[in-house]
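Input: a single structure, listed below in C-alpha cells.
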Amino acid sequence: MLSYDLAVIGGGPAGMAAALKAREEGVEKIVILERADTLGGILEQCIHTGFGLHYFGEELSGPEYAGRFIKQVNESDIEVKTDTMVLDISQDNVVTACNNVDGLITIKATAIVLAMGCRERPRGALSIAGSRASGIMTAGTAQKYVNINGYMPGKTVVILGSGDIGLIMARRMTLEGAKVKAVCELMPYSGGLTRNIVQCLEDFGIPLRLSCTVVKTHGRERLEGVTVANVDENLKPIPGTEEYIPCDTLMLSVGLIPENELSKNAGIELDSITNGPSVDEYRETNHKGVFACGNVLQVHDLVDYVTQESQIAGEGAAKYIKGEKKTGECIKTLGTNGVRYIVPQRINKQTDKSVKLYFRVGKVFKNVKLVVKCGDEVIMSNKKKKMTPGEMEYILIKLDTIKSLPADSTLTVTIEEA
Amino acid sequence: MRYDVAVIGGGVVGALISMKLSKYDIKIALLEKCNDVAMGTTKANSAIVHGGFDAMPGTLKAKLNVKGTGMMPELCRDLNVPYRNNGSLVLAFSDEEVEHIKVLYDRGVKNGVDRLEIISKERAKELEPNVSDEVKAALLSNTAGIVCPYELTIAAAEVAVTNGVDFIRNCEVKNITKLDGGRFELDTAAGKIETEYIINAAGIHSDEIAAMIGDDSIELVPRRGEYYLLDKSYGSLASHTIFQCPNKMGKGVLVTPTVDGNILIGPSASDDREKDNTDTTPDGLEFVLSKAFKSVPSINVRGAITSFAGVRSHPVTDDFIIGYSDKSDKFINCAGIESPGLSAAPAIAEYVEGLLIEKLSPRTKESFTVNRQAPVRFRHMNEQQRRELIEKNSAYGRIICRCETITEGEILDAIHAPAGARDVDGVKRRTRAGMGRCQGGFCSSKVVEILARELGTDMNEITKFGGNSKIIFERTK
C-alpha cells in the first residue's frame, strides 16, 4: 500500500488548486489521481476564452487557464498519476485505483480531496419522445468531438437547453461552418451567463427560444429533425404550437450533475439540492479528513470561483493533516424563499476566518433585498439589482458575526422585497 | 455461397436455432439485416422468463413457454449469461381480479407449471414491501426469472460462429427464388446466397420472408411497447417481477428488476402499421408510469436513465407459428414469436432442430462446443482478481466507462469476439459501456476511437448501430 499525506481525486482546476494550496501550506506528500491522460479536466476541451477574468485579471482560454496550474504542479514535487481511475474510498481513507501502468493500487491518505467534477444530464433523464437515431448528444460530448478529436458532430444543429456549454457550442459549431437553427430553453430565462448569450447567440444571429422544448425526435438512423413546442407556466407543451425543424444533430445542455458515486459509496452525506457533499467552511465532509471542492461540490458558473473554493479546501486539508483544524459546535446555513441552497452547509463556531456563503437563486429576481437572519434577528441586508439562476452569488459573513452567534443556531439567507 | 441451412434473422430465436444446429456437420448461415444480432424485438422487451400460466392450454405458446423456462437456467449457465430465478407476482386489486388470478393458477396447473401459489396480501407485502397497499392477493410463480435477452442472443451467436456458422451482417433478404432441384437462391443486400433449407426467424418481418416463397398465411400485427429504465440506485424497489392482471393486449405493465440491477417498467401496447417504429411517445410513457404507480406507488420518474420502445410481432392467431410452410417442405416458419417468446426461445430452438433433422438427418460433428467462455467482468471482481487481471493484460487497467466501470480490455474482447461488436451500441450491449447514468456522455467518444482503431477505419466511419447511424461527419476545417 502506498502512503500519502493527501490524495486528490481529480486533476482538473479544482484538484490542482487544492493540491497546490495544500503544498503551499506545508503538506509534503501529495498525489493527484486523474482519470484522463492529462491534467486540466474539462478545461482542456474548452478552447474558447473567458476564463480567468476574476482570478488572473485577464482573459484566457480553458487550456491556458489550466496550463498555468499544470505548470505549477509540474514544477512542484506533487505526484501525478494520469489515466488512473479511482474505484473506491474506504471508511479509513484508503483509496483504491487502477491504471494500465501500476495496475491496481491502494493508497492510504491522511486526508482526501474530492475533485471529480460533474457530468451532463443525458437525454434519458428528459424522456423526449421519438426515435433513437444517432446525432443526439450532450453539448460536452459534441465539444470533445470538435475540439479534441477534430471532427464535426453535425451540420445542422438544434440545441436544447441554454446552459453555458450549449451556448458556447452554438458559437463553436457556427464558426466551424454548421448551421445552428435554434437554442430552445424550457424555462422563461436562460440558465447561462448573460455574456455568453450576447457573445455566442446574439452576435451570430442564433435565435434563443425561451419557454420552448423539443417534444419529438425524428429519423430512424441519423437524426432528421426535431419537433419543438412552446410550454406553459407548468412547463407542459402547448398543443398547436409544435414546429418541425429539420436538423441532423440535437445537442443537449440541460444541466450538470456533480459526480458523487464514489462519495456516496464511501457513505459521505450529500445535499439533496446541490447533489454534492454537505460540507463545513473548509469544505470538509461528514467523513473525517475528506474534503470536496469544485463542481463535485456544487456546479459553478466560473472556473475562477472553482479555484478559490479549492484553495479553501486545500487549506482545510492542510490544517487537518497538521492537526490544526478546529471542529466542534456548528452553525447551520439555510437558503429559503428563492435561495436554493447554501455552500458551506455548516460553519464551525471555532473557525478562524470570515466565511463566504455561496448560493444560487431559483428564478430571476430584480430589485430585491438579500437578507441574512439568525432566527428573527436580521444580521445583514443587501440591496440586489438583479440575480439570475445562471450566476452563482455569494455573501460574506464576518468572523465576529460567526463568533457572536449561538451554537446550533441556523443562519438563513433569504430574499425579501426591497 | 452455398449452404445447407440459412437462418434468416439474428434475434434470440434465430441465434439459438443457429447454435443448436451448429453441432451438426452441415453448412449454416445466420443472416441478419442489421449490423449486429439482437437488433429487433430481442433488444427491447421485458427480459422476463415467464412461469407459463398465461397462455391457453394446448397452444404452442403454453407448451414451449413451460419447457423453455425449464431449460433457461442450464442454458444460461452453459453460455455464461446472467439469469436470476427471482419469481414473479401477479397482483390482484379487486375481488374480480382475485377470481382472475385463480383462473390463471388453474391454467398454469393445466400447462404443467410447477410451484404456483396464491398468496395473501400480507405475504405479498412481505415478499415485496414496496407494492401498493391496495393489493388483495397475488399469484406467486416460483419458477419465473429474469435474463438479459441480448446477452443471451450474443452468447448463442458466439457459440454458433465458434462451431462454424457463418454470421453475415447487413444481409437483408430481398427476394427468394426456387432453383431447379429444389434449392433456394436468396437475393440479399450482401449478395446471392444458395441454400437447401430456410428457417424464417425474421421476427416482425417473417410474414414478408414467407411471402417471398408464396406463403401468405402469416398475419402479424406490429405491437409497440414502451419502457422506462430506472437507475441502479432504485434497484431495491422490487425483487420479484411484478405483473398486474393481464388484458387482451398482453400481460399489462410490469415492474421488474433486471439482471444488471436496474428497474424496468413497461410496456405499453399500441398496434401500429409501422413495423420498425420504435419511437417513444409522451402518451405511451405516461401510461407506463401511471400503471406502474398502481403496483409500486413509490416509483419516481426522476430515477429514469432512459426510455425505449420495442415492437412485438403479434400473430392474429394468438399463437406461435412454427413449422414447415405449406408452400415448401424445405422452409420452416418461426413467426409470431411475441411474449412469452424469450422464455420459450430455448424450446423453440429445440423444436425447430427436431423438425429439421427429421428430414436432413445430419451427422453430429466430432468436436463442437455448447459453452461460451465467461466474458471478463471487471466490475464484478474483487481486488485480488482485478490485480491479477491487470497484471496479465494491462488493457484491463484502463477504465473507459466510468459509470459502469468497464475497461478497455472488455471492449477489445467485445470487438474481437466471434460475431463481435462493430458499432457503439454493439459494444454497449456486450460490455455495458454507455449504459450507466451518464448514458455514454463521457465514454462514447472513447468507444468510437477504440472501434476505429481496432477495425482499421476512420472515426467518422463508426456508427451507433449500423446503416446511416454515423456519429460524426468529416474533419473540422
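This is a predicted model, so every value here is computed, not measured. We name chains A, B, ... by the order of the sequence lines, and we start the count at 1 in each one.
No other option in A/G154, A/P237, A/G219 has as many heavy-atom pairs under 4.5 Å with chain B as A/G154. The most heavy-atom pairs under 4.5 Å with chain A, out of B/T278, B/L285, B/D231, B/N460, come from B/N460.
A/R119 is linked by a salt bridge (charged side-chain N to carboxylate O under 4.0 Å, His left out) to A/E259, A/E261, counting only residues two or more places apart in sequence or in another chain. With sequence neighbours left out, B/Y227 forms a ring pair (Phe, Tyr, Trp, His ring centres under 6.0 Å) with B/F308.
Both the backbone and the side chain of B/R402 come within contact range of chain A, with heavy atoms under 4.5 Å apart. Interface residue B/I399: backbone and side-chain heavy atoms are both found under 4.5 Å from chain A. Interface residue B/E383: backbone and side-chain heavy atoms are both found under 4.5 Å from chain A. For a residue to count as touching a neighbouring chain, one of its non-hydrogen atoms must lie under 4.5 Å from one of that chain's; by this rule B/N393 does not touch chain A. Both the backbone and the side chain of A/S131 come within less than 4.5 Å of a heavy atom in chain B. Proximity to chain A (any heavy atom under 4.5 Å) is restricted, for B/K470, to the backbone atoms N, CA, C and O. Neither the backbone nor the side chain of B/E286 has a heavy atom closer than 4.5 Å to any heavy atom of chain A. The part of A/L87 that comes within reach of chain B is its side chain, from C-beta onward, which places non-hydrogen atoms under 4.5 angstrom from that chain. Both the backbone and the side chain of B/S444 come within less than 4.5 Å of a heavy atom in chain A. Heavy atoms closer than 4.5 Å to chain B are found in the backbone of A/I128, but not in its side chain. With a threshold of 4.5 angstrom between heavy atoms, B/V424 does not approach chain A through any atom at all.
Counting heavy atoms of neighbouring residues, nucleotides and ligands inside a 6.0 Å radius, atom NZ of A/K108 exceeds 12 of them. Surrounding NZ of B/K446 are more than 12 heavy atoms belonging to other residues, nucleotides or ligands, all under 6.0 Å away.
Taking CZ from B/R387 and OG1 from A/T96, the interatomic distance works out to 8.5 Å, rounded to the nearest 0.5 Å. The structure places CG of A/L104 at 11.0 Å from CD of B/E388, a figure rounded to the nearest 0.5 Å.
We find that B/E474 and A/K155 are joined by a salt bridge, their nearest charged nitrogen and carboxylate oxygen being less than 4.0 Å apart. No salt bridge links A/R132 with B/D279; every basic N to acidic carboxylate O contact stays at or beyond 4.0 Å. Electrostatic pairing of B/R398 and A/D83 counts as a salt bridge here, judged by a charged N lying under 4.0 Å from a carboxylate O.
Nearest approach of B/I471 to A/M137, heavy atoms of both residues: O-CE, 3.9 Å. The shortest non-hydrogen separation linking A/M152 to B/R475 is CG-O, 4.3 Å.
In this structure a side-chain-to-backbone donor-acceptor pair under 3.5 Å is missing from A/T138 to B/G441. Side-chain N or O atoms of B/N468 include none that pairs as donor or acceptor with a backbone N or O of A/E221 at under 3.5 Å. Side chain of A/R220 to main chain of B/D276: a donor-acceptor pair is present (N/O by atom type, distance under 3.5 Å, no hydrogens or angles). Side-chain atoms of B/S394 never come within 3.5 Å of backbone atoms of A/V101 as a donor-acceptor pair (strictly under, hydrogens ignored).
Side-chain contact between A/Y145 and B/S445: present, with at least one pair of heavy atoms (C-beta onward) separated by less than 4.5 Å.
Of all residues spanning residues 432-440 of chain B, those with a heavy atom less than 4.5 Å away from chain A's heavy atoms are B/R437, B/C438, B/Q439, arranged by number.
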Verify side chain to side chain contact (heavy atoms under 4.5 Å, CB included) between B/F378 and A/C98, making sure each step is shown before the conclusion. CA-CA 11 Å; B/F378 187 85; A/C98 71; 4.1 Å; yes
Between B/I472 and A/N149, is the side chain to side chain contact (heavy atoms under 4.5 Å, CB included) condition met? List the steps. CA-CA 10 Å; B/I472 45 179; A/N149 300 109; 5.8 Å; no
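Residues B/D458 and A/Y151 bring a donor and an acceptor atom of their side chains to less than 3.5 Å of each other.
Under the side-chain hydrogen bond (donor to acceptor under 3.5 Å, both in side chains) criterion, the residue pairs touching residues 243-257 of chain A are A/R209-A/E243, A/R222-A/T249, with sequence neighbours excluded.
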